[in-house]
Visitor: 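This is the structure, below, for whatever I ask next.
From a predicted model like this one, the values you see are computed outputs, not experimental measurements. Hydrogens, waters and symmetry mates play no part in the numbers below; they use all other heavy atoms, side chains included.
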Amino acid sequence: HQVHPMIKYLNSYYKILLKLKPNILYLDIDSFRADRFYGKTKTSKTPNIDSLLKSSTYFDQTIVSADGTIISLNSVFTGLFPYATGTRAIKLLFNNKNYIHLLQEFGYNIYGVIPKLTSLSPLFELCLNDNPTYDGGPPTKSLFDEVGQKIIDVFSTQMKGPWFYYAHIMDLHWPLNVPKQYDDSQFGMDKYDRIVSSIDYWIGKILDNVDLKNTIIIITADHGTHIPINDKNITSFEPKFKTGVKIGKRLIPTFAHPTIVRLLNFLRKSIRNIKLKQVNKNLSNYEKRSRLPYFTLSLFDESIRIPLLIAGYNMTSKIISQQIRSLDIFPTIMDMINGPNIENIHGKSLKHLIDGDESEAFPAYLHTIPYQDLSPQDMVGIRTSKYKYFRGSRNSSHNVNLYNLQIDPSENNNIAKNNPQLIKEFETMLTNMISNKNKYLENVGDTKGKDNLKKRISEKKSKLSLKE
């Protein structure tokens, strides 16, 4: 029954290695646009983000794979573009090969504060902290409602290192609700930027609980969003007909109400379109797009270009303007912690860029999120450092778009008609990407072992509660 001295030594050495591993704090701020995080167009007041930028690496051209949360996160957590994850589902799919499980296997404890949405359940089910969720709405709870304090409370009561802590913050997600104390022009010229100012306050409070020397801090987003010019979106120009509706309910027979509703909707849209034509007359295409409804499918940069800041552990101040992809984040994390990686993926480690070595920029594959029904708005495309190409996902000649991002970063001028050769080259690149999807599908795995995984998580929770 004696334990061999070598086993004791190896066990002690393993414990030392665990202590040496940096912790990882991953803040995903849903719908955060790159141009409102850093640059000339932001009007928010962000002392904490500004301070971090002075000692962090910031990637100024970070591109997500999709314009919505789930498809984007599926790519981030697997390192694969959407065409290779084997799904267009609107739920996270944590099968055998993903980075959260890989971090677990490498000795990390998983914690989180996440909206309580069925689509995100595979993520919060992995969290070791009690009650890791909050009301997913809409509208969702904000940092000032309860979420900020909930994030902080996990640090003080339940963290066992090395840890990976994922917090999904929904304050910038539609509908925009500005905290009262920040609803002032000193914090931003529109609702969006005022909320950014309020988020910055909580970033400061969260980081007060973190050892920056021993923690890799990731601040990023899963996608961007439209920000309506002058805070007026498409619905702002629709008449309400409140008085007419009240009178109509009293005077018109009940059986005729559906017909009246259809008529009023028709009138609302007709009047709205007339007003929009007038107010949009002198606006750019970018400004016109800004008024579109929140859930409009879009592969324009306002929807797919996000911030990516890596701070804390061994980081130095640097701004990298080379295009990278959000699915490069976890390969970079694994490289920074000397951890294992997933073979045969699209994501690439960015550590060489952080260390100052240049390399070629890889293209980013893009795909809009799926509607429940097939939609002609469904788009697929490619973004490079210089160009963006996208078109209808089921018809290569439908809604073809090409933009020169270097001279037209706001994507106002579609140059597709005058560049047939470029279109041909991008279409070939896109076709070749998708045709190779089968070699990546084997990496996704299946759901075998899911019960065993739940059992391991349950056992780990029990052990942690005993230690406490």
Side-chain angles (χ1 to χ4, degrees), residues 28-37 41 61-76 81-83 88 90 138 170 172-176 190-192 220-229 231-236 276 280 283-307 323 325-327 363-384 387-396 398-405 408-416 426 430:
D28 187 308
I29 304 173
D30 199 298
S31 305
F32 210 158
R33 284 170 44 157
D35 62 342
R36 297 304 182 97
F37 185 93
T41 57
Q61 295 284 335
T62 305
I63 308 302
V64 297
S65 299
D67 58 339
T69 298
I70 304 305
I71 303 299
S72 176
L73 288 183
N74 269 329
S75 283
V76 170
F81 287 127
Y83 69 81
R88 291 280 285 149
I90 52 176
M170 298 283 283
L172 288 172
H173 194 280
W174 178 88
L176 297 179
D190 55 35
K191 290 181 181 180
Y192 189 96
T220 188
D222 43 351
H223 58 85
T225 187
H226 303 295
I227 303 175
I229 184 171
D231 271 336
K232 290 186 177 181
N233 62 18
I234 194 169
T235 60
S236 302
L276 275 175
N280 286 352
L283 299 184
S284 66
N285 287 330
Y286 164 76
E287 291 170 326
K288 291 175 184 176
R289 293 196 304 267
S290 76
R291 298 198 194 278
L292 294 174
Y294 179 81
F295 288 106
T296 300
L297 301 186
S298 172
L299 293 182
F300 289 102
D301 266 15
E302 55 262 31
S303 295
I304 57 128
R305 185 175 157 223
I306 60 164
Q323 173 176 297
R325 297 84 49 89
S326 60
L327 49 73
Y365 171 90
L366 313 170
H367 204 147
T368 51
I369 59 174
Y371 278 154
Q372 293 292 338
D373 300 318
L374 293 178
S375 168
Q377 295 183 53
D378 193 27
M379 309 292 286
V380 64
I382 290 177
R383 190 191 193 276
T384 66
Y387 290 104
K388 183 189 289 176
Y389 165 71
F390 61 92
R391 44 84 168 172
S393 64
R394 289 177 294 279
N395 185 342
S396 61
H398 173 68
N399 203 4
V400 179
N401 284 256
L402 180 67
Y403 299 91
N404 187 327
L405 300 174
D408 181 25
S410 296
E411 300 165 289
N412 283 313
N413 303 305
N414 185 358
I415 60 173
F426 276 110
L430 186 61

Visitor: Does a donor on one side chain sit under 3.5 Å from an acceptor on the other, for S65 and H367?
Guide: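 Absent: no donor and acceptor within the cut-off.
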
Visitor: Where do I306 and S326 come nearest, in terms of heavy atoms and distance?
Guide: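 Nearest heavy atoms, I306 then S326: CD1-CB, 4.3 Å.
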
Visitor: Would you mind reporting whether S298 and H226 have side-chain heavy atoms less than 4.5 Å apart?
Guide: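 In contact.
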
Visitor: Indicate yes or no for a side-chain donor-acceptor contact from N412 to the backbone of S284 under 3.5 Å, with no hydrogens or angles considered.
Guide: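 Answer holds: no.
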
Visitor: With the side chain counted from C-beta on, respond yes when I227 and S290 share a heavy-atom pair under 4.5 Å apart, and no when they do not.
Guide: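 Counting from C-beta outward, I227 and S290 never come under 4.5 Å.
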
Visitor: Hey, what do you get for CZ (F32) to OG1 (T220), rounding to the nearest 0.5 Å?
Guide: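 If we round to the nearest 0.5 Å, F32:CZ and T220:OG1 are 10.0 Å apart.
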
Visitor: Supply the atom-to-atom distance F37 CZ to I29 CD1, rounded to the nearest 0.5 angstrom.
Guide: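 The CZ atom of F37 sits 7.0 Å away from the CD1 atom of I29.
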
Visitor: Taking the side chain as every heavy atom from C-beta outward, state whether L402 and V400 have any atom pair closer than 4.5 Å.
Guide: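 No. Closest side-chain heavy atoms not under 4.5 Å.
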
Visitor: Take D28 and V76 through the side chain to side chain contact (heavy atoms under 4.5 Å, CB included) test and state the conclusion after the steps.
Guide: CA-CA 11 Å; D28 187 308; V76 170; over 6 Å; no

Visitor: Taking N233's backbone N and O only, do any of them form a donor-acceptor pair with S236's side chain (distance below 3.5 Å, no angle check)?
Guide: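 Flag set: sc S236 to bb N233 pair under 3.5 Å.
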
Visitor: When you look at NZ of K288, are more than 12 heavy atoms from neighbouring residues, nucleotides or ligands closer to it than 6.0 Å?
Guide: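 Yes.
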
Visitor: Kindly indicate, with the supporting measurements, whether the criterion side chain to side chain contact (heavy atoms under 4.5 Å, CB included) is fulfilled by F81 and R325.
Guide: CA-CA 10 Å; F81 287 127; R325 297 84 49 89; 3.4 Å; yes

Visitor: Which value, rounded to the nearest 0.5 Å, describes the distance between E411 atom CD and N404 atom CG?
Guide: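 So the CD of E411 and the CG of N404 are separated by 10.5 Å.
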
Visitor: Mind checking side chain to side chain donor-acceptor pair (under 3.5 Å) for D35 and listing every partner two or more places apart, or none if nothing turns up?
Guide: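 By the side chain to side chain donor-acceptor pair (under 3.5 Å) rule, D35 matches R33.
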
Visitor: Of the non-hydrogen atoms in N399 and M379, which two are nearest, and what is the gap between them?
Guide: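 So the minimum-distance heavy-atom pair works out to O-CE, 3.4 Å.
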
Visitor: Taking atom CG of N285 and atom CG of N280, what is their separation to the nearest 0.5 Å?
Guide: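 Rounded to the nearest 0.5 Å, the CG-CG separation comes to 10.0 Å.
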
Visitor: For a quick check under 3.5 Å, do S303 and D67 share a side-chain donor-acceptor pair by atom type?
Guide: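 Result is no, nothing qualifies.
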
Visitor: Do S31 and Y294 have a side chain donor and acceptor closer than 3.5 Å?
Guide: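 Result is yes, a qualifying pair exists.
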
Visitor: Looking at CG of L366 and OG of S393, how far apart are the two atoms once the value is rounded to the nearest 0.5 Å?
Guide: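 Those atoms lie 12.5 Å apart.
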
Visitor: Taking the side chain as every heavy atom from C-beta outward, state whether K388 and I63 have any atom pair closer than 4.5 Å.
Guide: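 Not in contact.
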
Visitor: Please assess F390 against T368 for the test side chain to side chain contact (heavy atoms under 4.5 Å, CB included), listing each intermediate value before the final yes or no.
Guide: CA-CA 10 Å; F390 61 92; T368 51; over 6 Å; no

Visitor: Any chance you could measure I304, atom CD1, to T62, atom OG1, to the nearest 0.5 Å?
Guide: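 It comes to 11.0 Å.
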
Visitor: Do Q61 and R305 come close enough that some side-chain heavy atom pair is under 4.5 Å?
Guide: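 Yes, close enough: below the 4.5 Å cut-off.
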
Visitor: Heavy atoms, side chains only, cut-off 4.5 Å: are Y83 and V380 in contact?
Guide: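 No; the side chains remain at least 4.5 Å from each other.
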
Visitor: Are any non-hydrogen side-chain atoms of Y403 and N413 less than 4.5 angstrom apart?
Guide: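 No, too far: nothing below the 4.5 Å cut-off.
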
Visitor: Indicate yes or no: at least one non-hydrogen side-chain atom of L172 is less than 4.5 angstrom from one of R36.
Guide: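 They are not in contact (no side-chain heavy atoms under 4.5 Å apart), so the answer is no.
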
Visitor: With no hydrogens and no angle check, is any side-chain donor or acceptor of Q323 less than 3.5 Å from a backbone partner on R383?
Guide: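 Flag set: sc Q323 to bb R383 pair under 3.5 Å.
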
Visitor: Among V64, I71, D30, I70, find the residue that satisfies the side-chain contact (heavy atoms from CB on, under 4.5 Å) test when tested with D222.
Guide: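 Only one option passes, and that is D30.
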
Visitor: Using the ring centroid of each side chain, check whether Y286 and F300 are separated by less than 6.0 Å.
Guide: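 For Y286 and F300, the ring centres are not under 6.0 Å apart.
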
